[in-house]
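See below for the structure under consideration.
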Amino acid sequence: MTKLFQNYKRAAIEFVKAKDNYLFDQEGKAYLDFSSGIGVTNLGFHPTVQAALLKQAQDIWHTPNLYENYLQEEVASKLIGDRDYLAFFANSGAEANEAAIKLARKATGKQGIISFVQSFHGRTYGAMSATGQDKIKTGFGDGVPHFSYAIYNDLDSVKDLVTSDTAAVMLELVQGESGVRPADPAFITALSAFCQENGILFIVDEVQTGMGRTGKLYAFEHYGIEPDIVTLAKGLGNGVPVGAMLGKAKFGGAFSYGSHGSTFGGNKLVMAAASSVLDVMLAEDFLPQVLEKGQYLQTALQKALAENAKVTDIRGLGCMIGIETTENLTDLVIQAREQGLIVLTAGSNVIRLLPPLTLTKEKIDEGVAILTDIFD
Ligand SMILES: *Cc1c(COP(=O)(O)O)cnc(C)c1O
């Protein structure tokens, strides 16, 4: 009998081993992974990350944030590059978003945060309050006050919510959990300019879209903007729990000694993993190839499924792809799994694909063939 809270609906299958882009169950059956553990193992089970973890475990895996941590400096430098950000390390996406909300409020001295209907920002009280989906919040009582929800891709709906107390606008550039919906570029350009003109901070939640997922290190690079605050998690440690918040250096004063913190945040083990992830991703050809592979996958899906009556839309950005369908999602996921392919769902009618960015075109073809088969 299980001793676990039944807050997850688990499939009756356990993966006990993994290699590259394959997962293996207890019987040794191999599954091609088109999920990356919900956008986490973006490099697959990569030998470089494994080696970094093993090496760090031999030296020292934790020190508190009372001491220097050159690995945090290293990861921050790789994340920031030439941009004018400072980094804070947390343990998850929700925690990165908590830091973002706290920084925005403290830096502006205002409280209001405008997020969006159908958004997802995490399960802690602040992140849950930012989330624009009732099903995430039902039964948990009052959330954090001063959050309001605009309509995605509708600038007027944002303007309608702005008050003299508005600290920040917060959004995903591709709404992930609710259905893989990319933001309209014209909307993002106009929203970013509007925020700048009105002294409202622009927070981009890149917990799912970041770390190469869309074919750029950050999805905001597709939109030609530079947010005031960016949050990261899922792919950052390729499976070890780590989150990050990047904020413009001019807000540094708001996060001074003692203002915010985390016991585990950015410890040596997770930073060693994140640093190795960034080494792989920032190698010259890596991200352009991810972009190309994402386009290849989307085109292959269009060719195979666009005429299928059960498929109502195929959309996405880079290697973050949604197949909208009229069919039962659970059945599709099970059918794919029986054929050795792991896929995700999003919202009520979308099959979500977050394949490892290291997938070869042959493996992409293999996955598309299985998807074509199950939709037929
Ligand atoms: C997954 C996700 C989160 C929450 O991350 P956790 O690590 O589960 O707390 C927040 N924002 C977005 C966009 C996500 O996809």
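Reckoned from all heavy atoms, side chains included, excluding hydrogens, waters and symmetry mates. Treat the numbers as computed from the prediction; the structure is a model and nothing was measured.
- Partner of Asn21 under the side-chain hydrogen bond (donor to acceptor under 3.5 Å, both in side chains) criterion, out of Thr358, Thr41, Asp33: Thr358 alone.
- For the 3.5 Å distance criterion, the side chains of Asn349 and Thr325 fail to qualify, holding no donor opposite an acceptor.
- In this structure, Lys310 has no salt bridge (Lys or Arg N to Asp or Glu O under 4.0 Å) partners at least two apart in sequence or on a different chain.
- Here Ile225 contributes atom CD1 and Gln196 contributes atom CD; the two are 10.0 Å apart, rounded to the nearest 0.5 Å.
- Pairing each heavy atom of Asp228 with each of Ile200, the nearest pair is OD2-O, 4.0 Å.
- With sequence neighbours left out, the salt bridge (Lys or Arg N to Asp or Glu O under 4.0 Å) criterion links Asp20 to no other residue.
- For Tyr218, the ring pair (Phe, Tyr, Trp, His ring centres under 6.0 Å) partners at least two apart in sequence or on another chain are Phe220.
- Judged as a side-chain hydrogen bond (donor to acceptor under 3.5 Å, both in side chains), and not counting sequence neighbours, the contacts of Arg83 are Glu226.
- Take Phe286 and apply the ring pair (Phe, Tyr, Trp, His ring centres under 6.0 Å) test, not counting sequence neighbours, and it matches no residue.
- The minimum heavy-atom distance between His121 and Ser115, with the atom names listed, is NE2-CB, 4.2 Å.
- Every residue two or more places apart in sequence or in another chain that forms a side-chain hydrogen bond (donor to acceptor under 3.5 Å, both in side chains) with Gln339 is listed here: Asp373.
- Looking only at side-chain heavy atoms (C-beta outward), Asn198 and Val162 stay at 4.5 Å or farther from each other.
- Distance CZ/Arg105 to CG/Leu103: 12.5 Å, rounded to 0.5 Å.
- Using a 3.5 Å distance cut-off with no hydrogens or angles, the side chains of Asp25 and Tyr31 do pair a donor with an acceptor.
- For CD of Gln50, the number of neighbouring non-hydrogen atoms (other residues, nucleotides, ligands) closer than 6.0 Å is 12 at most.
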Would you be so kind as to tabulate the donor-acceptor pairs closer than 3.5 Å made by side chains of residues 263-277, with sequence neighbours excluded?
residue : atom : partner : partner atom : Å
Asn267  : OD1  : Leu269  : N            : 3.1
Asn267  : OD1  : Val270  : N            : 3.3
Asn267  : ND2  : Trp61   : O            : 3.4
Asn267  : ND2  : His62   : ND1          : 3.2
Ser275  : OG   : Glu74   : OE2          : 2.6
Ser275  : OG   : Lys78   : NZ           : 2.6
Ser276  : OG   : Ala273  : O            : 2.7

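- Here the side chains of Val311 and Phe375 are in contact, with some heavy-atom distance below 4.5 Å.
- Checked against ring pair (Phe, Tyr, Trp, His ring centres under 6.0 Å), Tyr223 has no partners two or more places apart in sequence or in another chain.
- Not counting sequence neighbours, the partners of Arg352 by the salt bridge (Lys or Arg N to Asp or Glu O under 4.0 Å) test are Glu177.
- Geometric assessment of Lys19 against the ring of Phe24 yields a negative cation-pi assignment under the 6.0 Å and 45° thresholds.
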Problem - side-chain contact (heavy atoms from CB on, under 4.5 Å) evaluation trace for Gln335 with Ile370 - result: CA-CA 9 Å; Gln335 283 170 35; Ile370 294 172; over 6 Å; no
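- Between the side chains of Thr231 and Asn97, at least one donor N or O lies within less than 3.5 Å of an accepting N or O.
- For Thr326 against Ala309, the heavy-atom pair with the smallest separation is OG1-O, 4.3 Å.
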Practice task
Could you walk me through whether His46 and Val280 pass the side-chain contact (heavy atoms from CB on, under 4.5 Å) test, one step at a time?
Solution key: CA-CA 10 Å; His46 199 286; Val280 175; 3.9 Å; yes
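- Residues Met128 and Arg123 have side chains not in contact (no heavy-atom distance under 4.5 Å, counting atoms from C-beta outward).
- Under 3.5 Å, the side chains of His260 and Lys102 contain a donor-acceptor pair of N or O atoms.
- In the hydrophobic cluster analysis, where Ile, Leu, Val, Met, Phe, Trp and Tyr join through side-chain heavy atoms closer than 4.5 angstrom, Phe116 is grouped together with Val350.
- Of all heavy-atom pairs between Ala219 and Thr214, the closest is CA-OG1, 3.6 Å.
- Applying the side-chain hydrogen bond (donor to acceptor under 3.5 Å, both in side chains) test to Ser262 and every residue at least two apart in sequence or in another chain returns Asn91.
- For the pair Lys361 and Tyr296, the cation-pi criterion (under 6.0 Å, within 45° of the ring axis) is fulfilled.
- More than 12 heavy atoms of other residues, nucleotides or ligands lie within 6.0 Å of CG in Asp156, so this atom counts as buried by the packing criterion.
- Side chains of Leu53 and Val240 form a contact here, defined as non-hydrogen atoms less than 4.5 Å apart.
- Arg337 has its side chain within reach of Ile13: a pair of non-hydrogen atoms, C-beta onward, lies under 4.5 Å apart.
- Annotation: Ile60, atom CD1; neighbour count of heavy atoms from other residues, nucleotides and ligands within 6.0 Å is above 12.
- The one candidate from Thr209, Leu79, Val204 that meets the side chain to side chain contact (heavy atoms under 4.5 Å, CB included) condition with Leu232 is Leu79.
- Within the 4.5 Å cutoff, the side chain of Ile229 has heavy atoms near those of the Leu201 side chain.
- Taking the salt bridge (Lys or Arg N to Asp or Glu O under 4.0 Å) definition, one finds that Lys17 meets it with nothing, sequence neighbours left out.
- By the ring pair (Phe, Tyr, Trp, His ring centres under 6.0 Å) test, Phe147 pairs with no residue at all, sequence neighbours left out.
- The environment of CG in Asp331 is crowded: more than 12 heavy-atom neighbours from other residues, nucleotides or ligands sit within 6.0 Å.
- Atom CG of Asn7 sits in a crowded spot, with more than 12 heavy atoms from other residues, nucleotides or ligands closer than 6.0 Å.
- A 4.5 Å side-chain heavy-atom check between Gln208 and Val174 finds every atom pair outside the cut-off.
- In this structure, Leu301 and Ile314 approach most closely via the heavy-atom pair O-CD1, 3.5 Å.
- In this structure the side chain of Val368 never reaches within 4.5 angstrom of the side chain of Lys303, judged on heavy atoms.
- Pairing each heavy atom of Leu191 with each of Val158, the nearest pair is CD1-CG1, 3.9 Å.
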